[in-house]
S.K.: 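For reference, the structure I am asking about is given below.
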Protein chains: 4
Amino acid sequence: MINRVILVGRLTRDPELRYTPNGVAVATFTLAVNRTFTNQQGEREADFINCVVWRRPAENVANFLKKGSLAGVDGRLQTRSYEGQDGRRVYVTEVVADSVQFLEPKSSSEQRGTTAGGYYGDPFPFGPNQNPRSTNDPGFSRIDEDPFANDGQTIDISDDDLPF
Amino acid sequence: MINRVILVGRLTRDPELRYTPNGVAVATFTLAVNRTFTNQQGEREADFINCVVWRRPAENVANFLKKGSLAGVDGRLQTRSYEGQDGRRVYVTEVVADSVQFLEPKSSSEQRGTTAGGYYGDPFPFGPNQNPRSTNDPGFSRIDEDPFANDGQTIDISDDDLPF
Amino acid sequence: MINRVILVGRLTRDPELRYTPNGVAVATFTLAVNRTFTNQQGEREADFINCVVWRRPAENVANFLKKGSLAGVDGRLQTRSYEGQDGRRVYVTEVVADSVQFLEPKSSSEQRGTTAGGYYGDPFPFGPNQNPRSTNDPGFSRIDEDPFANDGQTIDISDDDLPF
Amino acid sequence: MINRVILVGRLTRDPELRYTPNGVAVATFTLAVNRTFTNQQGEREADFINCVVWRRPAENVANFLKKGSLAGVDGRLQTRSYEGQDGRRVYVTEVVADSVQFLEPKSSSEQRGTTAGGYYGDPFPFGPNQNPRSTNDPGFSRIDEDPFANDGQTIDISDDDLPF
DNA sequence: TTTT
DNA sequence: TTTT
């Protein structure tokens with residue numbers, strides 16, 4: 001049962017960082033991935049893919065990525081459903097990232113020490129090997145069952161829903 | 001802009017084969033991909049992922065796969081939206097398969113010529129290199145904008161929506 | 001820096017299981033992955049890809065897979081070089097598997113309890129979430145620097161070479 | 001038989017462009033993909049992966065990428081063997097790219113028309129949908145059987161070896 | 001509800 | 001609306 005997704009695209013807006021009641025960080029963001037082909041109007045369209053990332057990489061995402069950032073994601077597809085505010089079941093498909101790759105060059109302000117402009121810094125420590133562990137943040141925010149929808153209902157995600 | 005999905009799972013029901021007005025085949029099916037980890041109740045859950053495949057491989061899927069079949073998919077993630085019957089916009093995420101891999105052993109009836117039971121036949125010709133071309137079937141069926149939902153509205157997909 | 005490989009193919013021979021001096025299991029095997037296209041002689045060729053897997057999944061591979069088994073691999077590409085027996089540097093490219101998926105149906109002997117023959121059992125516990133930990137086996141075998149070549153030189157791999 | 005590789009890394013040197021006797025372009029390059037983990041000395045190592053790309057994308061690679069460029073590759077693993085100059089069989093594992101993604105921002109010289117510096121241009125037309133066709137260049141160069149080794153032997157690759 |  |  002193989003389930004693997006790899007994406008490179010741009011954040012459509014700043015990522016959102018939240019915490020479970022137990023203080024585990026979770027970040028959500030949407031990647032716009034431009035298609036390589038064009039439609040019959042000759043326009044290049046994009047797919048807009050919701051992504052979730054947990055624990056330490058979540059905080060890195062929140063700290064280093066913002067709207068427009070180019071990023072790579074290596075993860076798996078997840079489907080969930082939840083009760084919408086109108087009582088209808090809503091089905092969600094999203095990517096749970098194992099690792100997120102920062103693909104922007106260092107910003108010009110950080111680049112000051114650099115001679116030939118335009119090279120990339122080392123990726124920030126986003127890999128799956130960064131011994132992710134639960135942060136003990138007081139949890140300043142709760143997460144809805146659908147972290148992408150602000151439907152009002154705020155059923156908590158328990159820490160047991162963590163994918164690892 | 002990389003967009004790649006690889007899945008191995010089982011069909012949750014028989015695939016559905018349809019044709020665009022121009023006679024291009026499109027098959028849809030859902031893969032149940034069991035997770036490798038268990039939830040806090042110790043149950044192994046699954047993700048249910050909608051897949052679409054076009055042209056010749058679509059017909060192969062319809063002919064060779066059925067509910068319960070083990071299959072591999074190599075494709076890309078696509079997001080779409082359409083107008084639901086209640087006027088609300090419905091967002092869809094699905095996998096558009098470039099190739100579908102048949103992972104079942106030949107059935108016992110086909111296995112008759114075989115000595116040591118249980119080996120797999122060569123995969124049927126599903127690859128992206130099977131020079132896919134538009135079939136000229138009269139098109140016995142039309143395809144809704146959301147091929148997974150039978151919402152009633154039957155806005156046709158034009159052949160130009162084909163991903164290749 | 002994304003590095004992801006997904007394969008489905010058949011073992012070309014029985015896997016080999018070894019142990020580092022510290023008792024960490026490592027299994028090696030080669031997957032034959034048939035190409036989807038044919039060469040100009042109309043023959044379907046295959047790629048023969050060396051794979052390595054560590055710890056618990058290594059022992060599962062050794063116990064459940066054998067020559068001819070259909071298996072899926074999700075891992076990363078690794079390149080190494082070592083000193084060949086003639087003093088020349090040998091360059092190696094192989095796949096380090098994060099998880100190995102057993103894609104064979106249960107063998108006929110195990111299938112006895114089964115009504116309609118030919119379905120697959122649940123995959124054996126191969127996932128990356130099976131809390132891999134170092135076995136403390138006495139280590140009946142050592143591993144060469146190139147686990148695929150038996151060139152004679154037996155420079156040990158230290159446990160620190162483990163990819164996680 | 002699934003065979004899929006996705007990489008993001010940097011070119012270790014300028015790509016090399018050659019032509020088969022029939023004038024089909026083929027480019028080769030090596031990607032350095034930094035590992036996300038460090039070895040016991042605390043150093044981050046890299047894997048150096050040979051890549052091949054054919055036809056139009058080959059020419060794009062040669063025109064737009066150079067030593068140090070950040071690039072993404074979506075392709076498949078290929079193994080080959082050839083007769084080395086000392087008569088020994090040499091085994092090669094490389095990635096045949098279906099598409100190559102240009103991940104560098106436009107260089108400052110090209111950026112002149114740009115207001116807020118540092119954004120990326122649209123990827124150059126590298127996708128698998130760019131209707132690749134054989135160029136009819138006079139073929140200023142021939143390709144060895146191992147395009148990465150300049151071992152002297154120059155057995156030609158026929159156009160029939162093209163992967164599509 | 002979309003990025004460059 | 002889910003497979004083994």
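Reminder, nothing fancy here: chain letters follow the sequence lines and each chain counts from 1.
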S.K.: In this structure, how many angstroms lie between the C1' atom of F/dT1 and the CD atom of A/E83, rounded?
M.R.: 15 Å

S.K.: How long is the line joining CG of D/L103 and P of E/dT3, in whole Å?
M.R.: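 Going from D/L103 (CG) to E/dT3 (P), I get 20 Å.
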
S.K.: Atom CG of B/L77 and atom P of E/dT2: how far apart are they, to the nearest Å?
M.R.: 19 Å

S.K.: Can you check the A/Y91 OH to F/dT1 P distance for me, whole Å?
M.R.: 4 Å

S.K.: Less than 4.0 angstrom from a charged side-chain N to a carboxylate O is my criterion; do C/D98 and A/R4 meet it?
M.R.: no

S.K.: Write down the distance between CG (A/N34) and P (E/dT3), rounded to a whole number of angstrom.
M.R.: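 Value for this atom pair: 11 Å.
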
S.K.: Can you tell which of F/dT2, E/dT3, F/dT3 lies closest to the side chain of B/M1?
M.R.: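 Nearest to the side chain of B/M1 among the choices is E/dT3.
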
S.K.: In terms of side-chain heavy atoms, does B/E45 have a donor or acceptor partner in B/N39 at a distance below 3.5 Å?
M.R.: yes

S.K.: Could you state the atom-to-atom distance from CG of B/N50 to C1' of F/dT2 in whole Å?
M.R.: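 Between C1' of F/dT2 and CG of B/N50: 10 Å.
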
S.K.: Could you tell me how far apart A/R10 (CZ) and E/dT2 (C1') are, to the nearest whole angstrom?
M.R.: 14 Å

S.K.: Answer with base, sugar-phosphate or nothing: what part of the nucleic acid does B/G9 contact at a heavy-atom distance below 4.0 Å?
M.R.: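 Result for B/G9 = nothing.
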
S.K.: Of the non-hydrogen atoms in C/L70 and D/M1, which two are nearest, and what is the gap between them?
M.R.: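 Heavy atoms only, the tightest pair is CD1-CE, 4.2 Å.
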
S.K.: Between C1' on E/dT2 and CZ on A/F48, what's the gap in Å once rounded to a whole number?
M.R.: 5 Å

S.K.: Can you identify which nucleotide, out of F/dT3, E/dT2, F/dT2, has its nearest atom closest to the B/A32 side chain?
M.R.: F/dT3

S.K.: Indicate yes or no: does C/R10 engage C/E104 in a salt bridge with an N to O separation below 4.0 Å.
M.R.: yes

S.K.: Please pick, from E/dT3, F/dT3, F/dT2, the nucleotide with the shortest atom-to-atom distance to any side-chain atom of A/A46.
M.R.: E/dT3

